[in-house]
Amino acid sequence: MINITLPDGAVRQYEAGVTALDIAKSISEGLARKVLAAKVNGEVIDATRPITTDATLQLLTWTDTDGKSTMWHSSAHLMAEALEALYPGVKLGYGPAIEGGGFYYDVDLGGRTINEEDLRKIEAKMVELAKHNSVYTRKEVSKADALQYFTEKGDEYKIETIHELADGSITFYTQGGFTDLCRGPHIPNTGFIKAIKLTNIAGAYWRGNEKNKMLTRIYGITFPNQKELDEHLALIEEAKKRDHRKLGKELELFTFSEKVGLGLPMWLPKGALLRERLQRFLQEAQMATGYLPVVTPHIGNKNLYVTSGHYEKYGQDSFRPITTPEEGEEFMLKPMNCPHHCELYKASPKSYKDLPVRFAEFGTVYRYEQHGELHGLTRVRGFTQDDAHLFCRPDQVKDEFMKVIDLVLYVFNSLGFQNYTAQVSLRSKEDRSKYIGTDENWELAEQAIIESAAAKGLPTVVEYGEAAFYGPKLDFMVKDALGRKWQLGTIQVDYNLPERFELEYIGADNAKHRPVMIHRAPFGSLERFIAVLIEHCGGKFPLWLAPTQVKILPISDKSQEYAEKVAAQLKAADIRAEIDDRSEKIGKKIREAELAKIPYMLVLGEKEATDNLVAVRRQSKGDLGTMTMDQFKELVNEEVVNRKPFE
RNA sequence: GCUGUUGUAGCUCAGGGGUAGAGCACUUCCUUGGUAAGGAAGAGGUCGAGAGUUCAAUUCUCUUCAACAGCUCCA
């Protein structure tokens, strides 16, 4: 008999060789019907594999992340089975589940191309095969047998993969008439897969190497019921509607021009106003926390970046230097603000009493990004960082970190991002050779980050080996209204630049010491942040940010005069209002203001003029009735001051 | 940068070897209308760019540029 410990701490006894599925049945039949896989001693395995020793067991169902990915991985096999049935001779590369949901399989169709219609056919075949309730059967095979199987099948990709595996650790999985080299685990049978959607086709190099052959990658996603698939598809539709590139155009926020250059966004008046408002918001918060504004030029002498080390590391992948005509001196477009800020630090000698020094700048930087990488506002070649560099003593790192976390959370909360996590990136535990700086300082900084994140109650994930070579960091990920994750703010400790720029301060011991530098950007970049904000709120900005807050809609020309009077009053109250004075019907004016996502509309006719009132309409909510100007101004003011989210 | 798809009016898109169409937007006129599209007329295009095939190319072929999807990359 073996002891099985369940997640609630209960210990049950079973015969050795029992499977997770058996155990589930012993608890309840209903549970057994939902079990996709099992986590035994922390390792995810087939629910049908025998358990031979004492173990902790977690039954995985569709509600578990690991349960989902097991099902998606099994779905990739189901798709491969369908592909073999439809396209005999197809060769298979890799077919994993993907983190964001769903799965893909890289396949070699032997020169055949497939299109949308083919996807529907493959889907239909998958649905048909899934109904067979084929069991996923695991089999351990020797390396020789494995090679023989795929040699006979003529699949060179699998053969290449097998060559790299150790004999004795090779397993095959078979469902229906399809057998694949696979580590597993898999769901019990194909019957769990009820709803299937193949989403897109793309090229992908074998093993991600562009020197290798390009395979066809087919993406798909599956669900245990049609309802969840429908919800998933609705979410994709909603995401398309909220695409910042589409909304940016519709709401006249920003634009691109081939003539100006790729990846160089230009801000239209409405977008520029929004951007300025965000800048001012952060600037005010920073001034209150002891930051000092600085301004540095858009270009810097190449030597600056040689000193910082960026030239050596990124020089070849940067915009080429520009040269002065007479002297031939080389200047680079600024790819980072920190080297400039280091030189600012050195402008005067520093005492330990001066620290921390906090230099803040909305610095526009330019980086060469590969053509295929450019994407709306999220991946550009010129962007503005809400950058600041904190120069402090090693003993001040923790305190500074706490303050920065406060600032970042203040920004997120003010902008309606309620759902965030923090990733702490530390040194790799094994190999520490690639990191610059003393062990002692790293230890201090890593502890400071962990402790300050804990002190602030941040939901945190620690990743070893993810630190930059120059220091550990803390990255903020937010989840937007559609549940998508974005990386925004970042805080990074840097031991490298103070060293390279020989930054110093005079300590209480009258000796020279090296300050620690902290890079931080709550938004990351204004461009990227605004893109995320647009998609988060679907273009319906909170009132305090909305480019136009109020649209005044006179019912006819007769109300024009009153409309202008109201507009003047709003302007005097610092409320951004516009009049729609076209001779269109009120229904049309309302429709257009609604589509432009203007938060408030004032419908003004003869009645309102007579009573000296305004009829207020709220975007996507409708008529709020009439009120006095004072009441309306108070309504707006309250919403602005509290930075309420749109809805 | 690589692979694939796409490129027609300001926007969304139809068409197709004989140099072009719709809806919305725009301009003018009529209409003065009470909570999501009033009516009429008009203007607007080297059909992304270059080359080739052809009597004739926006349409076919090639090259190129850009957008999109994915891959690789990202201080």
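Below, chains carry the letters A, B, ... as their sequence lines are ordered, and counting in each starts from 1.
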Visitor: Strictly by modelled atom types, are A/Glu535 and A/Trp486 linked by a side-chain donor-acceptor pair under 3.5 Å?
Guide: no

Visitor: Reckon A/Arg207 touches a base, only the sugar-phosphate, or nothing at all at heavy-atom distances under 4.0 Å?
Guide: nothing

Visitor: Considering only atom P, compute the distance from B/U8 to B/U46 and round it to an integer number of Å.
Guide: 13 Å

Visitor: Whole angstrom is fine here: how far is it from CD1 in A/Ile236 over to C1' in B/C68?
Guide: 16 Å

Visitor: Using whole Å, report how far CD of A/Glu369 lies from C1' of B/G1.
Guide: 13 Å

Visitor: Treating primed atoms plus P, OP1 and OP2 as sugar-phosphate and everything else as base, which nucleotides of nucleotides 24-36 of chain B get B, S or - for protein heavy atoms under 4.0 Å?
Guide: -S-----BBBBBB

Visitor: Under a 3.5 Å cutoff on both atom distances, Watson-Crick or G-U, what's the dot-bracket for RNA chain B ([ ] crossing, | other strand)?
Guide: (((((((..((((....[..)))).(((((.......))))).....(((((..]....))))))))))))....

Visitor: Side chains of A/Gln492 and A/Tyr470: any donor to acceptor distance under 3.5 Å?
Guide: yes

Visitor: What integer distance in Å separates A/Lys246:NZ from B/U12:C1'?
Guide: 9 Å

Visitor: Measuring only the P atom in each nucleotide, how far is B/U64 from B/U5? A whole number of Å is fine.
Guide: 15 Å

Visitor: Rounded to whole Å, please give me the gap between NE2 in A/His389 and P in B/A75.
Guide: 14 Å

Visitor: May I ask you to evaluate whether A/Tyr104 reaches the phosphate of B/A69, defined as a side-chain N or O under 4.0 Å from OP1 or OP2?
Guide: no

Visitor: Quick one: which of A/Leu92, A/Asp106, A/Leu109 gives a side-chain contact (heavy atoms from CB on, under 4.5 Å) with A/Leu215?
Guide: A/Asp106

Visitor: Is a side-chain donor-acceptor pair under 3.5 Å present for A/Tyr157 with A/Arg207?
Guide: no

Visitor: Report yes if at least one side-chain N or O of A/His371 is closer than 4.0 Å to OP1 or OP2 of B/A66; otherwise report no.
Guide: yes

Visitor: Against A/Asp387, only a single residue in A/Thr296, A/Thr364, A/Asn337 fulfils side-chain hydrogen bond (donor to acceptor under 3.5 Å, both in side chains); can you say which?
Guide: A/Asn337

Visitor: What I want to check is whether the side chains of A/Ser425 and A/Gln423 have a donor and an acceptor closer together than 3.5 Å.
Guide: yes

Visitor: With rounding to the closest Å, how many angstrom separate the C1' atoms on B/G48 and B/A43?
Guide: 24 Å

Visitor: Does one side chain, of A/Glu578 or A/Thr548, offer a donor that lies under 3.5 Å from an acceptor on the other?
Guide: yes

Visitor: Toward the 5' end of RNA chain B, which comes first, A/Gly263 or A/Cys338, by nearest nucleotide?
Guide: A/Gly263

Visitor: For A/Leu374 and B/A67, give me the distance from atom CG to atom C1', rounded to whole Å.
Guide: 11 Å

Visitor: Between the base of B/C71 and the side chain of A/Arg217, is one N or O donor paired with an acceptor at under 3.5 angstrom?
Guide: no

Visitor: Looking at A/Tyr464, I'd like to know if the NZ or CZ of A/Arg427 sits under 6.0 Å from its six-membered ring centre while staying within 45 degrees of the ring's axis.
Guide: no

Visitor: With rounding to the closest Å, how many angstrom separate the P atoms on B/U63 and B/G4?
Guide: 11 Å

Visitor: Is it the case that A/Lys346 places NZ or CZ above or below the six-membered ring of A/Phe501, under 6.0 angstrom from the centre and within 45 degrees of the axis?
Guide: no

Visitor: Do A/Phe469 and A/Tyr435 make the cut of ring centroids closer than 6.0 angstrom?
Guide: no

Visitor: Under a plain distance cut-off of 3.5 Å, with no hydrogens placed, do A/Tyr291 and A/Glu361 share a side-chain donor-acceptor pair?
Guide: no

Visitor: Calculate the interatomic distance between A/Lys213 atom NZ and B/G4 atom C1'; express it in whole Å.
Guide: 15 Å

Visitor: Please report the distance, rounded to the nearest Å, between NZ in A/Lys259 and C1' in B/C65.
Guide: 13 Å

Visitor: Nearest to the side chain of A/Ala204, heavy atoms from C-beta on, is which of B/A75, B/C73, B/C71?
Guide: B/C71

Visitor: What integer number of Å spans the C1' atoms of B/U3 and B/G42?
Guide: 47 Å

Visitor: Rounded to whole angstrom units, what separation is found between the OH atom of A/Tyr219 and the P atom of B/U5?
Guide: 17 Å

Visitor: On a whole-Å scale, what distance lies between the P atoms belonging to B/A20 and B/U6?
Guide: 24 Å

Visitor: With rounding to the closest Å, how many angstrom separate the C1' atoms on B/A40 and B/A36?
Guide: 23 Å

Visitor: Determine the interatomic distance between C1' on B/U19 and the same-named atom on B/A57; round to the nearest Å.
Guide: 9 Å

Visitor: Considering every strand and a 4.0 Å limit on heavy-atom distances, what is the contact class for A/Thr216: base, sugar-phosphate, or nothing?
Guide: nothing

Visitor: Assign A/Gln370 to base, sugar-phosphate, or nothing according to its heavy-atom contacts below 4.0 angstrom with the strands shown.
Guide: base

